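All remarks here apply to the structure that follows.
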Amino acid sequence: MAELATLWIVRHGESTANVAATHAEASGAELIDLTHRDADVPLSATGEDQARATGRWLAELPDAKRPDVAVVSPYLRAVQTSRLALAGTDIPVHRDERLRDRELGILDGLTGHGVRRRHPDEADRRERLGKFYYRPPGGESWTDVALRLRTLLGDLRRDHEGSRVLLFGHDALVFLLRYLVEGLTEDELMALTRQEVIANCSITEWSADEGRLALTAFNRVEHLRQQGARPTREDEIHAEPV
């Protein structure tokens, strides 16, 4: 099977909605104070710093290890991250809607507390089905996102065989790429989501090893500290009961 030489995924920098969601959850609010639709949420000032720091990390890579192509979620926070990180480079950039964040349907904009208060039947249904298979009305399950990522990986392997590919996306995509690339089980994936929060502008990397991609870095933020940016590990707007 065709394989990539290197695959990276960078979660977008801290967004204004990340900050709002963290404050809403901490205060016990039912609604997250959002002023944009999910696709239009911009980076915070901290997120912009993180993206520029990621760009300085990329600039320090040897020519033989730099990305050949970048593929970006069309959501604004990911687009802004890629623009700042790739500024001054000649790396080709493509947007792909398959890298968008998971859609939450009727739960969009709600905290976990808000879901339990406003949609108790959905909270019960999620608990019964489990995080992996639960699909909120009008939204996507984790398996739905995995399906679109599976097709993207197939296209990348076919169109960029032997190349180094850099993705800019969202936290759930980092987990699901591990699921797909490494062949994790549902239980292994869900255990990973309980153990880790994907940091803003973190780097996860797989490199070719005997014809297969092998994990070489996961949720790494050392480059941010080295470049003088503050790491943050704020959750995406999951709006799911826990």
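As the structure is a prediction and not an experimental result, all values here were calculated from the model.
Of all the heavy atoms in L213 and A5, the pair that sits closest is CD2-O, 4.3 Å. What you find for T216 and S207 is that their closest heavy atoms are OG1-OG, 3.7 Å. Taking all atoms of both residues into account, the shortest heavy-atom contact from A229 to A53 is CB-CB, 3.7 Å. Between L189 and F175, the shortest heavy-atom contact is CD1-O, 3.4 Å. The two residues L224 and P231 make their nearest non-hydrogen contact at CD1-CA, 4.1 Å. Across all non-hydrogen atoms, the minimal contact from R125 to P136 is NH2-CA, 4.2 Å.
Under the 4.5 Å side-chain heavy-atom criterion for Ile, Leu, Val, Met, Phe, Trp and Tyr, Y179 and L147 are members of distinct hydrophobic clusters. Connection of L31 to V19 is not established within any shared hydrophobic cluster, with ILVMFWY side chains joined at heavy-atom distances below 4.5 Å, either directly or through further cluster members. Transitive grouping of hydrophobic side chains (ILVMFWY, heavy atoms separated by less than 4.5 Å) keeps V10 and L152 in distinct clusters. Note on L173 and L180: same hydrophobic cluster, where clusters join Ile, Leu, Val, Met, Phe, Trp and Tyr whose side-chain heavy atoms are under 4.5 Å apart, directly or indirectly. W8 and L4 sit in two unconnected hydrophobic clusters of ILVMFWY residues. Membership requires side-chain heavy atoms under 4.5 Å apart, directly or through other members.
Side-chain contact between L43 and E14 is absent, with no heavy atoms from C-beta onward closer than 4.5 Å. Side-chain contact check for T54 versus W57: some heavy-atom pair is nearer than 4.5 Å. For the pair L110/H119, a side-chain contact is recorded, criterion being any heavy-atom separation below 4.5 Å from C-beta on. In this structure, I198 and R233 have side chains that are not in contact, with every pair of non-hydrogen atoms separated by 4.5 Å or more. Side-chain contact between D144 and R148 is absent, with no heavy-atom pair separated by less than 4.5 Å. At a threshold of 4.5 Å between non-hydrogen side-chain atoms, the residues R11 and F168 do not count as touching. Looking at heavy atoms from C-beta onward, T89 lies out of side-chain contact with L58 at the 4.5 angstrom threshold. Side-chain contact between E30 and R118 is present, with heavy atoms from C-beta onward closer than 4.5 Å.
Checking side-chain atoms of R77 against main-chain N and O of D38 turns up a donor-acceptor pair under 3.5 Å. Here the side chain of T111 pairs a donor or acceptor atom with the backbone of A29 at under 3.5 angstrom. No donor-acceptor pair under 3.5 Å is formed between the side chain of N219 and the backbone N or O of S202. A donor-acceptor pair is defined here as one N or O able to donate and one able to accept, closer than 3.5 Å; no such pair exists between the side chain of S163 and the backbone of V165. The main-chain N or O of A51 is never found under 3.5 Å from a side-chain atom of T81 such that the two would form a donor-acceptor pair. Counting only distance, with no hydrogens or angles, the side chain of R66 and the backbone of L61 share a donor-acceptor pair below 3.5 Å. Side chain of H223 to main chain of C201: a donor-acceptor pair is present (N/O by atom type, distance under 3.5 Å, no hydrogens or angles).
Going from atom CZ of R164 over to atom NZ of K65 covers 10.0 Å, rounded to the nearest 0.5 Å. Put simply, CD on E97 and OG on S73 are 10.0 Å apart, with the number rounded to the nearest 0.5 Å. Interatomic distance, L99 CG to I9 CD1, rounded to the nearest 0.5 Å: 6.5 Å. We find the CG-CZ distance between L129 and R126 to be 10.0 Å, quoted to the nearest 0.5 Å. Rounding to the nearest 0.5 Å places OG of S44 at 7.5 Å from CG of N200. Of the inter-residue distances, the one linking H12 atom NE2 with L84 atom CG reads 14.0 Å to the nearest 0.5 angstrom.
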- [ ] Please report the C-alpha distance between E182 and W206 in whole Å, then the side-chain angles of each, then the deciding distance to 0.1 Å, and finally whether the side chain to side chain donor-acceptor pair (under 3.5 Å) criterion is met.
- [x] CA-CA 10 Å; E182 300 167 42; W206 299 263; 2.9 Å; yes
Task: Stepwise side chain to side chain contact (heavy atoms under 4.5 Å, CB included) check, L153 with V181 - done: CA-CA 9 Å; L153 274 176; V181 172; 4.0 Å; yes
- [ ] For the pair R52 and D49, evaluate side chain to side chain contact (heavy atoms under 4.5 Å, CB included) and give the outcome as yes or no after the intermediate values.
- [x] CA-CA 5 Å; R52 293 189 188 97; D49 288 342; 3.5 Å; yes
Open item on the list: Does T204 form a side chain to side chain contact (heavy atoms under 4.5 Å, CB included) with L7? I'd like the steps, not just the answer.
Closed with: CA-CA 8 Å; T204 297; L7 177 67; over 6 Å; no
TODO: Please lay out, stage by stage, how D68 and H160 fare under the test side chain to side chain contact (heavy atoms under 4.5 Å, CB included).
DONE: CA-CA 9 Å; D68 297 305; H160 301 286; over 6 Å; no
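Using modelled atom types and a 3.5 Å distance limit, the side chains of Q227 and E60 yield a donor-acceptor pair. Checking Q50 against T232 by side-chain atom types alone, a donor-acceptor pair falls below 3.5 Å. For the residue pair R230 and T46, a side-chain donor N or O sits within less than 3.5 Å of a side-chain acceptor on the partner.
Within the structure, salt bridge (charged side-chain N to carboxylate O under 4.0 Å, His left out) contacts touching residues 202-228 (residues at least two apart or in different chains) do not occur. For the ring-ring contact (aromatic ring centres under 6.0 Å, His included) condition, the pairs that include at least one residue of residues 71-102, sequence neighbours left out, are Y75-H170.
Remark: R178 qualifies as a cation-pi partner of F218 under the 6.0 Å distance and 45° angle criteria applied to the six-membered ring.
With a 6.0 Å radius and a threshold of 12 heavy atoms from other residues, nucleotides or ligands, E127 has its CD atom at or below the threshold.
In summary, of the residues considered (E140, E122, R128), a side chain to side chain donor-acceptor pair (under 3.5 Å) with Y134 occurs for E122 alone. The only option from L167, T151, V69 that meets the side-chain contact (heavy atoms from CB on, under 4.5 Å) definition with L156 turns out to be L167.
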